[in-house]
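Side chains included, hydrogens not; waters and symmetry mates left out as well; all remaining heavy atoms used.
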Amino acid sequence: GGDSGTETGGEPQFPTVDLDALPYDKLSDYGFFVGDLADLIPAERVYGYTVASPLFSDFAGKERFMYLPPDQQIHIDWAAADPGPGGEGELWDYPVGSVMIKNFWFDLDRSNPGQDINALRVETRLMVRFPDVWKVYTYVWDEAETEAVLTKYGKVVELAFTDAEGQPAMQNYKVPSLEQCGSCHSRDNVLKTLGPVTPQMNYPVEREGQTVNQMEWLASLGLFDAPLPDLSAVPRLYDPLGDEGTLEQRARSYLHANCSHCHRQDGGAGISGLRFVYWEQEPVHLGICKPPAAAGSASNGLSYDIFPGSPEQSIAIFRMQSLDP
């Protein structure tokens, strides 16, 4: 995503987010995008962003945007720390009326990836900042990709595609119900953001042909209410499949993005004692020689979450490979 503020006919187009009227029935009712909805051309005050270590979502591609109300800015409390060192400034304090916008699409020809003609949009999720809470709304796209409609109770979408070997294949993609969003986004039973946080956003991206730090780029657009500190000293995640970072940094980034929303002290799996936030330092909380909280088929009869030097004896690896819900 690039700059916001696209103009049509010379006049800037602003989104409409009336908290008292939400949720709207259709994605287009918000006005987040101008022109053809499927082109995702951002309107005024809508900003594209990416994350360093994306959550794996059944092979879905994602396009992310955030909307800030006019004359509003993001506040970062650099003194607020997650349990343990290194969590400074993780969560951002978004102004009331802000919206996180995440679009999910699938490549229907994975033997020839990267062709826009084969990209099918399936759903768009919104996280809206109300005065005391975040609320989540899910919109499912129609087959023509001209509109996405509010879907409260979830849906299973059947996807016919060509696999990497050129063979026909089918996939069932599950659109979550509004209640299910909390299973990942809840901390102490309160919804929180996961992607647009400091460790995920503090990394180099390409904007207008130049490589810049993403947070510094957002700051240049006036999104923050105070100058940023030296970001080279602030913890960041790494692309697990990228060239930057050590093997440990990339592995820890993967675990943070895919597991730590639950496996953290205040997460849904906090009681297990297994914590995968990037800045966790205690070996036992990382699973090293730690007996499992789950038993039987959930642990495959193995003794430790991570058995040092032995992936085949590590429950964490077994769980990552298993397709058993």
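By the 30° and 60° cut-offs, the orientation of the rings of Tyr94 relative to Trp134 is perpendicular. Using a 30° and 60° split on the angle between ring planes, Tyr278 and His256 fall in the perpendicular class, above 60°.
Not one N or O on the side chain of Glu280 forms a donor-acceptor pair closer than 3.5 Å with the backbone of His285. A distance-only check finds no donor-acceptor pair linking the side chain of Asp25 to the backbone of Leu150 [under 3.5 Å]. In this structure, the side chain of Asp163 does not engage the main chain of Ala169 through any donor-acceptor pair within 3.5 Å. Under the 3.5 Å distance criterion, the side-chain polar atoms of Ser220 are matched with a main-chain donor or acceptor of Trp217. Checking side-chain atoms of Asp142 against main-chain N and O of Thr146 turns up a donor-acceptor pair under 3.5 Å. Between the Asp29 side chain and the Lys26 main chain, a donor and an acceptor come within less than 3.5 Å of each other. Looking only at distances, a side-chain donor or acceptor of Asp109 sits under 3.5 Å from a matching main-chain atom of Ser111. Looking only at distances, a side-chain donor or acceptor of Thr151 sits under 3.5 Å from a matching main-chain atom of Val149. Side-chain N or O atoms of Gln200 include none that pairs as donor or acceptor with a backbone N or O of Val51 at under 3.5 Å. A distance-only check finds a donor-acceptor pair linking the side chain of Thr246 to the backbone of Gln249 [under 3.5 Å].
Contact annotation: the side chain of Asp77 never approaches that of Trp92 to less than 4.5 Å [non-hydrogen atoms, C-beta and beyond]. Two residues are said to be in side-chain contact when any heavy atoms from C-beta on lie closer than 4.5 Å; Glu90 and Pro199 meet this criterion. Inter-residue side-chain proximity for Asp239 and Ser253 is flagged as unmet; no heavy-atom pair is nearer than 4.5 Å. Side-chain contact between Tyr24 and Thr16 is present, with heavy atoms from C-beta onward closer than 4.5 Å. Counting only heavy atoms from C-beta outward, the side chains of Tyr238 and Ser53 never approach each other to under 4.5 Å. Taking the side chain as every heavy atom from C-beta outward, Tyr304 and Ile306 never approach each other to under 4.5 Å. With a 4.5 Å cut-off on side-chain heavy atoms, Asn202 and Asn213 count as touching. Within the 4.5 Å cutoff, side-chain heavy atoms of Gln214 are placed close to those of Arg207.
No single ILVMFWY cluster, assembled from side-chain heavy atoms under 4.5 Å apart, contains both Trp141 and Leu159. Linking Ile, Leu, Val, Met, Phe, Trp and Tyr whenever their side-chain heavy atoms come within less than 4.5 Å leaves Phe307 and Val284 in two separate clusters. Follow the hydrophobic side-chain contacts under 4.5 Å out from Phe104 and you never reach Leu55; the two are in separate clusters. Linking Ile, Leu, Val, Met, Phe, Trp and Tyr whenever their side-chain heavy atoms come within less than 4.5 Å leaves Val156 and Tyr153 in two separate clusters. The cluster map of Ile, Leu, Val, Met, Phe, Trp and Tyr, joined by side-chain heavy atoms under 4.5 Å apart, puts Leu228 and Tyr203 in the same cluster.
More than 12 non-hydrogen atoms from other residues, nucleotides or ligands lie less than 6.0 angstrom from NZ of Lys62. No more than 12 heavy atoms of other residues, nucleotides or ligands sit less than 6.0 Å from atom CG of Asp132. Other residues, nucleotides and ligands place no more than 12 heavy atoms under 6.0 Å from the CG atom of Asp71. The number of heavy-atom neighbours closer than 6.0 Å to CZ of Phe130, taken from other residues, nucleotides and ligands shown, is above 12. The environment of Phe56 atom CZ is dense: over 12 non-hydrogen atoms of other residues, nucleotides or ligands sit within 6.0 angstrom.
Taking the ring axis of Tyr137 as reference, the NZ or CZ atom of Arg125 does not stay both within 45° of it and closer than 6.0 Å to the ring centre. Arg252 forms no cation-pi arrangement with Tyr254, by the criterion of a distance under 6.0 Å to the ring centre and an angle within 45° of the ring axis.
If you take CZ on Phe276 and OG on Ser260, they are separated by 9.5 Å, rounding to the nearest 0.5 Å. The CE atom of Met127 lies 12.5 Å from the NZ atom of Lys135; values are rounded to the nearest 0.5 Å.
No option in Trp105, Tyr139, Tyr173 other than Tyr173 meets the side-chain hydrogen bond (donor to acceptor under 3.5 Å, both in side chains) test with Glu123.
In terms of heavy-atom proximity, Pro308 sits nearest to Ile288 at CG-CG2, 3.7 Å. Nearest heavy-atom pair, Phe106 versus Asp58, reported as atom, atom and distance to 0.1 Å: CE2-O, 3.0 Å. The minimum heavy-atom distance linking Pro23 with Tyr30 is given by the pair CA-OH, 3.9 Å. Minimum interatomic distance between Pro131 and Leu19 (heavy atoms only, all atoms of both residues): CD-CD1, 4.3 Å. The two residues Glu147 and Leu27 make their nearest non-hydrogen contact at OE2-N, 3.4 Å. Here the closest heavy-atom approach between residue Pro42 and residue Val34 is recorded as O-CG2, 4.4 Å.
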Q. Can you list the steps and then say if Asn112 with Asn118 is a side chain to side chain donor-acceptor pair (under 3.5 Å)?
A. CA-CA 9 Å; Asn112 186 24; Asn118 297 321; over 6 Å; no
Q: With side-chain contact (heavy atoms from CB on, under 4.5 Å) as the test, would you mind laying out the steps for Thr198 and Val234 before giving the verdict?
A: CA-CA 8 Å; Thr198 294; Val234 175; 3.5 Å; yes
**Q.** Val175/Val157 under side-chain contact (heavy atoms from CB on, under 4.5 Å): CA gap, chis, key distance, verdict
**A.** CA-CA 7 Å; Val175 176; Val157 179; 4.1 Å; yes
**Q.** side-chain contact (heavy atoms from CB on, under 4.5 Å) between Val136 and Leu126, intermediate numbers included
**A.** CA-CA 6 Å; Val136 182; Leu126 307 180; over 6 Å; no
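No donor-acceptor contact under 3.5 angstrom links the side chains of Ser322 and Asp324, judged on distance only.
Identified under the side-chain hydrogen bond (donor to acceptor under 3.5 Å, both in side chains) test for residues 305-315, with sequence neighbours left out: Lys290-Asp305, Ser310-Glu312, Ser310-Gln313.
Ion pairing between Arg121 and Glu143 fails under the 4.0 Å rule for side-chain N and carboxylate O.
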